[in-house]
There are 2 protein chains.
Amino acid sequence: MEKKYNFTDVEIKDMAIRFKAMSEPSRLKILRALFPGEKCVTEIIEKTGLLQANVSKQLKILQRNGVVSCRPSGLQRFYKIADNSILELCNMVCKS
Amino acid sequence: MEKKYNFTDVEIKDMAIRFKAMSEPSRLKILRALFPGEKCVTEIIEKTGLLQANVSKQLKILQRNGVVSCRPSGLQRFYKIADNSILELCNMVCKS
DNA sequence: GTTTAGTATTACTATATGTTCAAATGCTCA
DNA sequence: TGAGCATTTGAACATATAGTAATACTAAAC
C-alpha cells in the first residue's frame, strides 16, 4: 500500500481538526452508541449516561467535522456514523 | 476484516488520549519531519520552524503517548516515529 | 388556530486544560 | 570549566468541557 508523508500545512491543519473531534471520551462514547446503527438523541443520552445539553453539543461538533450525519424524523433527530472509516480508525487506535 | 465496536470505558479513555496526541498542528508538523527518518531536536526545529521550547514540549507529549521514541547520542537526542501505524493513521484521516 | 407535551438546541457560567513564548536551568562532552 | 544541545519553568492567552437553566422546535390534541 502506497503511503504519503509529505502533507501540506493545510492538510495538517485539517487532520488536526479531525483528530481533535475524536479526542474526547464523551464523543467516543457517543460513537460507541452509534456503531450498531442510527439512534435519536434520547437513545444516545440513555446509552452514554451523558446530560442532554452535553450530548447535543458534542453531536454538533461530530457533525461539523463529518463524523456523524443527521436525519430529522418527526420530533426526533436520528444520528448515525457518517463514514465506515471512523470505525476502522477507532480499531486501529485501540489496538496500538 | 473483523471489526470491534464494543469498546470498554477504559479503551475509550485511552483512545481519546491517543487521538488527542495527534490533534495539534505543531505535533503533526513534527511527525511530518520525522516520517522520512529519525532526527535530532535541532533538525526538527529547522524543519518545522517551531521554537525550541515548543518542540521539546510537544516531543514529550508524543513520547509519553508512544507516538515517537528517543535515542540519546552524545549531546543530541534523536527522535523517530515509534510505530508504522502512525503514518497509516495520518493517511486515513487525510483522505477522509 | 392555539395549546401542550415531548424532544433537542442554545446561552451562560465556572472550571480546567493546552499552547505559545521568553527566560532560566540541566545535561553532556571536550 | 565552557560550549552546545535540550528541557523545564512561569506567565499570558486561548480554547474546551460540564452543568444548570432557558429557549426553540415539532407534531398532535383540543
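This is a predicted model, so every value here is computed, not measured. The chains referred to below are lettered A, B, ... by the order of the sequence lines, with proteins before strands, and numbering in each begins at 1.
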Practice task
Measure the angle between the two terminal helix axes of the helix from dG1(C)-dC30(D) to dA30(C)-dT1(D), five base pairs each, and quote it to 10°.
Solution key: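 Rounded to the nearest 10 degrees, the bend comes out at 10°.
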Hey, does [Y] have a side-chain heavy atom less than 4.5 Å from the side chain of [X]?
X      : Y      : answer
L31(A) : M22(A) : yes
V41(A) : Q76(A) : no
R18(A) : L89(A) : no
C90(B) : Y5(A)  : no
N91(A) : F7(B)  : yes
L62(A) : I30(A) : yes

Practice task
Take E24(B) and K29(B) through the test salt bridge (Lys or Arg N to Asp or Glu O under 4.0 Å) and record every step on the way to the result.
Solution key: CA-CA 9 Å; E24(B) 274 302 310; K29(B) 280 181 187 172; over 6 Å; no
Practice task
May I ask you to say what Y79(B) touches in the nucleic acid, namely base, sugar-phosphate or nothing, with a heavy-atom cut-off under 4.0 Å?
Solution key: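 Counting heavy atoms under 4.0 Å across all strands, the contact made by Y79(B) is with sugar-phosphate only.
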Fill in the blank from the handout: In 5'-to-3' order, the base (B), backbone-only (S) or no-contact (-) status of each nucleotide in nucleotides 19-30 of chain D, using a 4.0 angstrom heavy-atom cut-off, is BBB----BS---
Handout entry: Non-neighbouring partners of K39(A) that pass side-chain contact (heavy atoms from CB on, under 4.5 Å), sequence neighbours left out
Key =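 side-chain contact (heavy atoms from CB on, under 4.5 Å) list for K39(A), sorted by chain: L34(A), P36(A), E43(A), I44(A), K47(A).
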Handout entry: Boundaries of the DNA chain C segment in contact with chain B, non-hydrogen, under 4.0 Å
Key =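 Contact span on the strand: dT19(C) to dC29(C).
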Problem - Separation of Y79(A) OH from C40(A) SG (nearest 0.5 Å) - result: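 Answer rounded to 0.5 Å: 10.5 Å.
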Practice task
Look up atom CD in Q58(B) and atom CG in L51(B), then write down how far apart they are to the nearest 0.5 Å.
Solution key: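 If we round to the nearest 0.5 Å, Q58(B):CD and L51(B):CG are 11.5 Å apart.
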Exercise for the section: With sequence neighbours excluded, give me every salt bridge (charged side-chain N to carboxylate O under 4.0 Å, His left out) pair touching residues 56-85 of chain A. Expected result: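 Counting only pairs at least two positions apart or across chains, the salt bridge (charged side-chain N to carboxylate O under 4.0 Å, His left out) contacts touching residues 56-85 of chain A are E38(A)-R71(A).
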Handout entry: Heavy-atom closest pair, residues L50(A) and S26(A)
Key =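 For L50(A) versus S26(A), the nearest heavy atoms are CD1-O, 3.7 Å.
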Problem - Strand contacts (DNA chain C) in residues 10-47 of chain A, 4.0 angstrom heavy-atom criterion - result: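 Listed by number, they are C40(A), V41(A), T42(A).
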